[in-house]
Amino acid sequence: MNYNTLLTTILLLALSLNGMAQEAADTEEMTFDTTGYSDAFRAYQDSVQQTLTFYSDTTLSIADGMAWLTVPEGYSFIGQDDARTVLVEMWGNPPENGEGSLGMLFPDKYPPASSGGYGIDIFYTEDGYIDDEDAVDMDYDDLLESMQDDTDEESEARLEAGYERIKLMGWAQTPRYDATNKRLHWAKEFRFGDDGENTLNYNMLFLGRRGYLTMNVIGGMDVLGEVNADQEEFLNAVAYQDGHRYADFNPEIDDVAAYGIGALIAGKILAKTGLLATIGIFLAKGWKLIMIALLAVGGGLKKFFGGK
């Protein structure tokens with residue numbers, strides 16, 4: 001089943017559920033059991049997982065020979081094509097969210113088809129050499145306040161466009177910059193609409209000569225402790241190869257990025273489309289989030305066809 005087939009299935013189911021909900025709204029409150037749909041989708045995920053190739057206890061060349069990735073103990077790695085399969089076909093993300101992936105890391109106890117846990121998407125951004133001078137005196141509390149104000153403004157635009165509100169709750173992990181090894185990591189906690197479970201946006205960046213590699217954790221707030229426990233292993237897993245290191249920068253021939261460390265953390269990367277241009281794309285994982293999206297589609301269809 002490819003992404004278009006999956007999307008069609010979800011859309012048809014959304015139409016069906018939306019029709020049931022509309023009929024119920026004219027009579028009395030109605031609930032419906034989605035267990036069958038959940039079981040069917042879980043079986044589909046399991047079948048796709050069997051086609052993936054996992055690598056463990058090894059060091060691999062990634063990003064067209066730009067860097068080495070040493071797979072941490074207790075984790076497995078899948079390559080570019082398999083990562084796109086997971087992100088798009090198994091987890092139901094738009095195709096563009098899987099295009100730039102270099103691969104993914106998974107804890108052995110949380111394979112892609114598991115209902116919980118997390119995965120780590122790895123991708124590269126070539127925007128030029130990042131000048132890290134602003135990291136020395138950065139006030140992360142002030143930065144957070146600015147980010148929260150920006151998010152509130154974006155949230156109003158989301159509401160006008162028919163999407164749910166988004167709120168930046170605060171740091172899940174205060175930013176830390178290792179100036180010696182040129183590594184940056186931080187985590188944000190977001191809330192979407194009235195969802196009782198907040199979303200984790202956790203990023204680890206590795207600065208290089210012409211850009212940076214990113215490890216983006218995809219999971220809920222409940223995995224924060226586990227990710228923090230293995231944080232050093234992740235940070236030590238990536239090493240640039242000769243000619244691609246931060247120290248290899250040549251000002252005579254290399255470009256310098258138009259932003260610094262603060263903009264990386266805040267997500268103001270030539271902000272073309274607001275939150276959609278931020279570092280750390282929000283990616284769905286598992287049937288629960290797909291069902292949330294499905295029900296939102298149902299509501300959106302009602303608004304599209306019958307609303308203003």
Gap separating the [atom1] atom of [X] from the [atom2] atom of [Y], nearest 0.5 angstrom:
X: T174; Y: R176; atom1: OG1; atom2: CZ; answer: 7.0 Å
X: I218; Y: T199; atom1: CD1; atom2: OG1; answer: 12.0 Å
X: L207; Y: I261; atom1: CG; atom2: CD1; answer: 5.0 Å
X: L205; Y: D178; atom1: CG; atom2: CG; answer: 13.0 Å
X: W171; Y: I265; atom1: CH2; atom2: CD1; answer: 5.5 Å
X: Q80; Y: I122; atom1: CD; atom2: CD1; answer: 10.5 Å

Does any N or O in the side chain of [X] come within less than 3.5 Å of the main-chain N or O of [Y], such that one atom is a donor and the other an acceptor?
X: S76; Y: D108; value: no
X: R183; Y: F206; value: no
X: D254; Y: N250; value: yes
X: S101; Y: G103; value: yes
X: S146; Y: D142; value: no
X: T151; Y: M147; value: yes

Is any side-chain heavy atom of [X] closer than 4.5 Å to a side-chain heavy atom of [Y]?
X: M90; Y: L52; value: yes
X: N216; Y: I120; value: no
X: L235; Y: H185; value: yes
X: S61; Y: Q241; value: yes
X: Y240; Y: R209; value: no
X: M204; Y: T214; value: no
X: L87; Y: D121; value: yes
X: D222; Y: E197; value: yes

May I ask you to check whether S114 and Q45 show a side-chain donor-acceptor distance below 3.5 Å? no
With a 3.5 Å cut-off and no angle check, do the side chains of D127 and Y259 form a donor-acceptor pair? yes
Does F77 form a ring pair (Phe, Tyr, Trp, His ring centres under 6.0 Å) with F106? I'd like the steps, not just the answer. CA-CA 6 Å; F77 175 80; F106 291 94; 9.5 Å; no
Those residues that, when tested against N198, pass side chain to side chain contact (heavy atoms under 4.5 Å, CB included) (two or more places apart): M169, E189, R191, M221
Who passes side chain to side chain contact (heavy atoms under 4.5 Å, CB included) against T59, sequence neighbours left out? W68, T70
Should E73 and S56 be marked as a side-chain hydrogen bond (donor to acceptor under 3.5 Å, both in side chains) after you check the CA-CA gap, both sets of side-chain angles, and the distance that decides it? CA-CA 8 Å; E73 183 178 355; S56 59; over 6 Å; no
Salt bridge between K167 and E154, side-chain N to carboxylate O under 4.0 Å? no
Is it true that R165 and E156 have a side-chain N and a carboxylate O under 4.0 angstrom from each other? yes
Should F234 and Y75 be marked as a ring pair (Phe, Tyr, Trp, His ring centres under 6.0 Å) after you check the CA-CA gap, both sets of side-chain angles, and the distance that decides it? CA-CA 10 Å; F234 300 139; Y75 287 79; 5.2 Å; yes
Assess the residue pair Y110 and E226 against the criterion (side-chain hydrogen bond (donor to acceptor under 3.5 Å, both in side chains)); give the C-alpha distance rounded to whole Å, side-chain angles, the decisive distance to 0.1 Å, and a yes or no. CA-CA 12 Å; Y110 298 132; E226 294 184 62; 3.0 Å; yes
Inspect the surroundings of [atom1] in [X] and state if more than 12 heavy atoms from other residues, nucleotides or ligands are less than 6.0 Å away.
X: D57; atom1: CG; answer: no
X: D64; atom1: CG; answer: no
X: F54; atom1: CZ; answer: yes

Do Y202 and Q231 pass the side-chain hydrogen bond (donor to acceptor under 3.5 Å, both in side chains) test, and can you show the C-alpha distance, the side-chain angles, and the key distance before you say yes or no? CA-CA 11 Å; Y202 200 124; Q231 180 187 99; 2.7 Å; yes
Chi angles and distances behind the side-chain hydrogen bond (donor to acceptor under 3.5 Å, both in side chains) call for Y246, N181: CA-CA 9 Å; Y246 192 84; N181 296 300; over 6 Å; no
For the residue pair [X] and [Y], what are the closest heavy atoms and their distance?
X: M138; Y: Y140; value: SD-CE2, 3.3 Å
X: D134; Y: G260; value: OD2-C, 3.8 Å
X: A257; Y: I130; value: CB-CD1, 3.5 Å
X: M215; Y: A237; value: CE-CB, 4.2 Å
X: P72; Y: E233; value: CB-OE1, 3.6 Å
X: Q49; Y: A113; value: OE1-N, 2.7 Å

Sorted by chain and residue number, the salt bridge (Lys or Arg N to Asp or Glu O under 4.0 Å) partners of R245 (sequence neighbours excluded) come out as D242
R210 and D255: salt bridge (charged side-chain N to carboxylate O under 4.0 Å, His left out), yes or no, with the steps? CA-CA 7 Å; R210 299 182 180 89; D255 294 328; over 6 Å; no
Using the side-chain contact (heavy atoms from CB on, under 4.5 Å) rule, take L213 and L102 through it: C-alpha gap first, then chi angles, then the decisive distance, then the call. CA-CA 10 Å; L213 280 161; L102 300 176; 3.5 Å; yes
Steps toward side-chain contact (heavy atoms from CB on, under 4.5 Å) verdict (V227, Y118): CA-CA 9 Å; V227 176; Y118 61 94; 4.0 Å; yes
